[in-house]
Trainee: 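Structure incoming, see below.
Numbers restart at 1 for each chain; the letters A, B, ... are given by sequence-line order, proteins then strands. Just so we're clear, the structure is a prediction, and the values are computed from it rather than from any experiment.
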Amino acid sequence: MIKKTVLIPLKQEFFNRKTVTVARELLGKILVKNYNNSILTGRIVETEAYLGDSDPACHAYGKITKRNEVLFEKPGTIYVYFIYGNYFCFNVVTEQEGVGSAVLIRAVEPIQGIDTFKKRRNFLKDIYNLTNGPAKLSMAFGFNLKDNRKDITGGEIFIAADSTKVKFEIEISERIGLNKGTEFPYRFFIKGNRFVTKHKFNK
DNA sequence: GACAAGATTAGCT
DNA sequence: GCTAATCTTGTCT
């Protein structure tokens with residue numbers, strides 16, 4: 001049922017564009033992690049754009065600190081941060097070096113390694129609940145602070161184009177879970193996909 | 001050195 | 001639908 005596909009990492013140029021563009025085009029792409037000789041993959045179905053200079057909700061808004069400096073690195077850098085005590089969120093830095101912007105991966109559709117995902121998610125049976133949230137997918141893929149600052153264009157973690165070329169419609173909404181900057185329509189997700197986070201905007 | 005807040009989730013009602 | 005859990009980071013003293 002799962003076709004063997006050739007996974008070629010997206011290059012740095014892909015991320016060296018406007019954050020909103022990258023966020024939209026990341027939909028349908030394949031998130032890949034090589035893990036102890038096995039491989040974990042998932043189709044990206046939901047993203048959010050965070051723009052550094054003009055976006056109060058972005059970690060990079062304001063001044064550079066030790067925590068957010070990764071956001072100003074070169075495009076294609078992985079930015080993982082810890083939140084609410086227990087959870088990680090997985091971002092990819094966009095635009096040119098020195099611009100503090102990134103795309104948050106909010107949800108993926110599991111493709112390979114579902115057994116591993118389930119194990120990491122406390123043997124959850126409902127696959128629609130495995131990776132439909134930024135912290136959930138980070139748990140399933142095993143992302144943590146050790147992955148912060150890594151290069152996503154060539155390493156054990158990367159994003160590949162979808163060779164199956166499945167067609168889908170893109171839906172846009174306001175972002176989720178923020179106190180500031182919620183008015184920006186920077187959230188992108190695949191219309192009708194069951195692996196998108198269940199939320200008020202998604203009803 | 002101490003404290004408050006946060007791009008969330010799980011679990012219970 | 002609501003609330004607790006949980007800890008890193010930034011800011012202030």
Trainee: When you measure from the centre of the six-membered ring of A/F15, is the NZ or CZ of A/R17 under 6.0 Å away and within 45° of the axis?
Mentor: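 That pair does not qualify as a cation-pi contact.
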Trainee: Is it true that A/K150 and A/D147 have a side-chain N and a carboxylate O under 4.0 angstrom from each other?
Mentor: yes
Trainee: What is the distance, rounded to the nearest whole Å, between atom CZ of A/R120 and atom C1' of B/dA10?
Mentor: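 Checked: the CZ to C1' distance equals 19 Å.
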Trainee: Between P on B/dA7 and CG on A/N132, what's the gap in Å once rounded to a whole number?
Mentor: 19 Å
Trainee: For the side chain of A/K136, counting heavy atoms from C-beta on, which of C/dT11, B/dT8, B/dT9 is nearest?
Mentor: B/dT9
Trainee: Quick check with a 6.0 Å cut-off and a 45 degree axis cone: is A/R194 positioned over the face of A/Y128's six-membered ring?
Mentor: yes
Trainee: Can you check the A/L71 CG to C/dT9 C1' distance for me, whole Å?
Mentor: 14 Å
Trainee: Regarding A/E95 and A/K18, does a basic nitrogen lie under 4.0 Å from an acidic carboxylate oxygen?
Mentor: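 Not counted as a salt bridge, because no side-chain N and carboxylate O are separated by less than 4.0 Å.
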Trainee: Test A/S38 against A/N36 for side chain to side chain donor-acceptor pair (under 3.5 Å), laying out the working first.
Mentor: CA-CA 5 Å; A/S38 62; A/N36 285 356; over 6 Å; no
Trainee: As a test of reading the structure: which of B/dT8, C/dC7, B/dA7 is closest to the side chain of A/F82, going by heavy atoms?
Mentor: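 Per side-chain heavy atoms of A/F82, the pick is C/dC7.
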Trainee: For A/F88 and B/dT8, what is the distance between atoms CZ and C1' respectively, to the nearest whole Å?
Mentor: 13 Å
Trainee: Measuring from the side chain of A/R67 (C-beta onward, heavy atoms only), which nucleotide among B/dT9, B/dA7, C/dT9 has the closest atom?
Mentor: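 Output: C/dT9.
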Trainee: Under 4.0 Å, counting only non-hydrogen atoms across every strand here, what does A/A57 touch: a base, just sugar-phosphate, or nothing?
Mentor: base
Trainee: Report yes if at least one side-chain N or O of A/R121 is closer than 4.0 Å to OP1 or OP2 of B/dA10; otherwise report no.
Mentor: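 Answer is yes, contact under 4.0 Å.
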Trainee: More than 12 heavy atoms of other residues, nucleotides or ligands under 6.0 Å from CZ of A/F184: yes or no?
Mentor: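 Atom CZ in A/F184 is crowded, with more than 12 foreign heavy atoms closer than 6.0 Å.
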Trainee: Requiring both pairing distances under 3.5 angstrom, list the stems that contain DNA chain B and are made of three or more consecutive Watson-Crick or G-U pairs.
Mentor: B:1-6 with C:7-12, B:8-12 with C:1-5
Trainee: Please state how far atom OH in A/Y84 lies from atom C1' in C/dT3, giving the value in whole angstrom units.
Mentor: 14 Å
Trainee: Given C/dT11, B/dT8, B/dA7, identify the nucleotide with an atom nearest to the side chain of A/N91.
Mentor: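 The closest nucleotide is B/dA7.
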Trainee: From CG of A/L124 over to P of B/dT9, roughly how many Å is that when rounded to an integer?
Mentor: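 So the CG-P distance, A/L124 to B/dT9, works out to 13 Å.
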Trainee: Take atom CG of A/L137 and atom C1' of B/dT9, then tell me their distance rounded to the nearest Å.
Mentor: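 Answer to the nearest Å: 13 Å.
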Trainee: Is A/Y81 stacked on the base of B/dA7 when the test is centres under 5.5 angstrom and planes under 30 degrees?
Mentor: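 Answer is no, no stack.
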Trainee: Take the protein atom CD1 of A/I64 and the nucleotide atom P of C/dT9, then report the distance between them rounded to whole Å.
Mentor: 17 Å
Trainee: I'd like to know if the side chain of A/N148 and the backbone of A/V80 have a donor-acceptor N/O pair within less than 3.5 Å.
Mentor: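 Checking the backbone N and O of A/V80 against the side chain of A/N148, a donor-acceptor pair under 3.5 Å is found.
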Trainee: If you assign A/I83 and A/N68 each to the DNA chain C nucleotide with the nearest heavy atom, which residue ends up on the more 5' nucleotide?
Mentor: A/I83
